[in-house]
Novice: 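Take a look at the following structure, please.
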Amino acid sequence: MKNHLLLLLLSVTFLFSSCEKTENNPTLGDLVAGEYKGISIVLGGTEIPLPLESGTNFLNLNFTIFRTTEITADLTLIFEEKTNGILKTEKEEHKGLILNRKPDGGISLMEDGKELAVVSGQNIEMTVVIEDLTTTFKGLKKY
């Protein structure tokens with residue numbers, strides 16, 4: 001009888017301990033981290049698909065976001081340009097970006113108190129002003 005009672009107690013204990021919920025809530029850093037393929041550039045209101053190819057020349061853009069803490073990340077833009085058969089790769093790094101959740105659910109990547117880029121779901125958008133022309137780079141997360 002004691003063995004049956006002991007077995008019953010062990011079974012009940014095992015049942016309750018195995019039913020505990022473990023929540024895995026990703027941090028903002030986890031949500032934005034990854035590689036993004038450039039899908040378009042918007043120049044002066046005109047959206048141009050990427051990669052941009054013309055004969056032997058092309059232009060492409062990729063983004064990489066590294067999680068540094070739960071609320072910070074580093075962003076690297078990788079520009080690839082091939083002109084006259086010569087491939088040139090340039091990187092632009094933005095370190096220590098502060099991550100903030102927006103009311104619409106997107107995540108802002110802030111640099112010096114200003115929004116540098118926004119990640120919404122699997123999309124990233126980065127808007128900059130180059131020679132008085134507003135330019136938006138758009139990307140889609142790679143899997």
Side-chain angles (χ1 to χ4, degrees), residues 4-143:
H4 292 294
L5 185 59
L6 182 59
L7 185 59
L8 179 63
L9 285 172
L10 287 174
S11 297
V12 170
T13 302
F14 177 74
L15 179 66
F16 284 113
S17 65
S18 64
C19 290
E20 284 184 30
K21 289 184 179 180
T22 54
E23 292 186 26
N24 186 11
N25 293 331
T27 65
L28 295 180
D30 296 329
L31 293 171
V32 299
E35 293 183 30
Y36 297 77
K37 177 184 190 268
I39 57 171
S40 66
I41 298 175
V42 180
L43 291 168
T46 303
E47 190 159 358
I48 304 163
L50 289 175
L52 181 60
E53 297 183 59
S54 175
T56 59
N57 301 329
F58 80 90
L59 175 68
N60 199 19
L61 166 71
N62 289 295
F63 306 80
T64 302
I65 301 177
F66 299 98
R67 174 193 187 274
T68 52
T69 70
E70 291 181 358
I71 59 165
T72 61
D74 294 341
L75 169 67
T76 302
L77 293 168
I78 304 159
F79 296 94
E80 295 176 308
E81 180 181 12
K82 188 174 186 182
T83 307
N84 299 324
I86 299 171
L87 180 65
K88 182 179 168 184
T89 301
E90 290 184 26
K91 291 183 180 182
E92 181 178 308
E93 296 184 341
H94 299 270
K95 297 194 175 282
L97 302 175
I98 305 296
L99 308 176
N100 289 322
R101 176 73 72 179
K102 297 178 66 144
D104 65 4
I107 301 170
S108 293
L109 286 78
M110 306 292 290
E111 182 175 58
D112 299 326
K114 296 180 183 173
E115 188 174 82
L116 178 68
V118 176
V119 173
S120 295
Q122 303 304 309
N123 299 298
I124 186 169
E125 286 192 15
M126 178 178 174
T127 301
V128 296
V129 177
I130 303 171
E131 297 178 13
D132 296 328
L133 184 64
T134 300
T135 305
T136 301
F137 302 104
K138 296 182 178 183
L140 181 65
K141 199 168 201 177
K142 297 179 185 180
Y143 288 99

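Hydrogens, waters and symmetry mates play no part in the numbers below; they use all other heavy atoms, side chains included.
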Novice: What's the spacing between Tyr36 OH and Leu140 CG if we round to 0.5 Å?
Specialist: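 Between Tyr36 OH and Leu140 CG, I get 9.5 Å after rounding to 0.5 Å.
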Novice: I want to check something: taking the side chain as every heavy atom from C-beta on, are Asn57 and Lys82 in contact at a cut-off of under 4.5 Å?
Specialist: no
Novice: Considering residues at least two apart in sequence or located in another chain, which fulfil the side-chain contact (heavy atoms from CB on, under 4.5 Å) criterion with Pro26?
Specialist: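 Counting only residues at least two positions away or on another chain, Pro26 forms a side-chain contact (heavy atoms from CB on, under 4.5 Å) with Asp30, Leu31.
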Novice: What is the distance from atom OG1 of Thr83 to atom NZ of Lys88, rounded to the nearest 0.5 Å?
Specialist: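 Answer for the OG1-NZ pair, Thr83 versus Lys88, is 8.0 Å.
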Novice: May I ask you to test the Leu61-Ile78 pair for a side-chain heavy-atom distance under 4.5 Å?
Specialist: no
Novice: Give, for atom CG of Asn60 and atom OG1 of Thr89, the distance between the pair rounded to the nearest 0.5 Å.
Specialist: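 So the CG of Asn60 and the OG1 of Thr89 are separated by 10.0 Å.
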Novice: If you round to the nearest 0.5 Å, how far is CD1 of Ile48 from CD1 of Ile39?
Specialist: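 Going from CD1 on Ile39 over to CD1 on Ile48, the span is 13.5 Å.
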Novice: So does Val119 get a backbone contact from the side chain of Lys102, meaning a donor-acceptor N/O pair under 3.5 Å?
Specialist: no
Novice: In chain order, what residues pass the salt bridge (charged side-chain N to carboxylate O under 4.0 Å, His left out) check against Glu53, with sequence neighbours excluded?
Specialist: none
Novice: In the structure I gave you, are the side-chain heavy atoms of Leu52 and Ile41 within less than 4.5 Å of one another anywhere?
Specialist: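 Not touching, per the 4.5 Å side-chain cut-off.
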Novice: Measuring from atom CG of Leu59 to atom CG of Leu50, what distance do you get when rounded to the nearest 0.5 angstrom?
Specialist: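 Rounded to the nearest 0.5 Å, the CG-CG separation comes to 6.0 Å.
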Novice: Donor-acceptor pair, distance only, cut-off 3.5 Å: does the side chain of Asp104 make one with the backbone of Gly106?
Specialist: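 Looks like yes, one N/O pair under 3.5 Å.
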Novice: Kindly determine whether Val42 and Thr135 satisfy side-chain contact (heavy atoms from CB on, under 4.5 Å), including the steps that lead there.
Specialist: CA-CA 6 Å; Val42 180; Thr135 305; over 6 Å; no
Novice: Residues two or more places apart in sequence or in another chain: which of them pass side-chain hydrogen bond (donor to acceptor under 3.5 Å, both in side chains) with Thr68?
Specialist: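 Applying side-chain hydrogen bond (donor to acceptor under 3.5 Å, both in side chains) to Thr68 gives Thr72.
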Novice: Nearest 0.5 Å please: distance from the OG atom of Ser108 over to the CG atom of Leu97.
Specialist: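 It comes to 11.0 Å.
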Novice: Over all heavy atoms of both residues, which pair between Lys141 and Ala33 is shortest? Give the atoms and the distance, please.
Specialist: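 Heavy-atom minimum between the residues: NZ-O, 2.8 Å.
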Novice: State which residues pass side-chain contact (heavy atoms from CB on, under 4.5 Å) with Lys142; sequence neighbours excluded, sorted by chain then number.
Specialist: Glu35, Lys37, Asn62
Novice: Can you list every pair that meets ring-ring contact (aromatic ring centres under 6.0 Å, His included) and has a residue in residues 67-106, with sequence neighbours left out?
Specialist: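 The answer is Phe79-Phe137.
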Novice: Show every donor-acceptor pair shorter than 3.5 Å between a side-chain atom in residues 120-128 and any protein atom, with sequence neighbours excluded, or say none if there are none.
Specialist:
{"unit_1": "Gln122", "atom_1": "OE1", "unit_2": "Tyr143", "atom_2": "OH", "d": "2.5"}
{"unit_1": "Gln122", "atom_1": "NE2", "unit_2": "Tyr143", "atom_2": "OH", "d": "3.3"}
{"unit_1": "Thr127", "atom_1": "OG1", "unit_2": "Thr136", "atom_2": "OG1", "d": "3.0"}

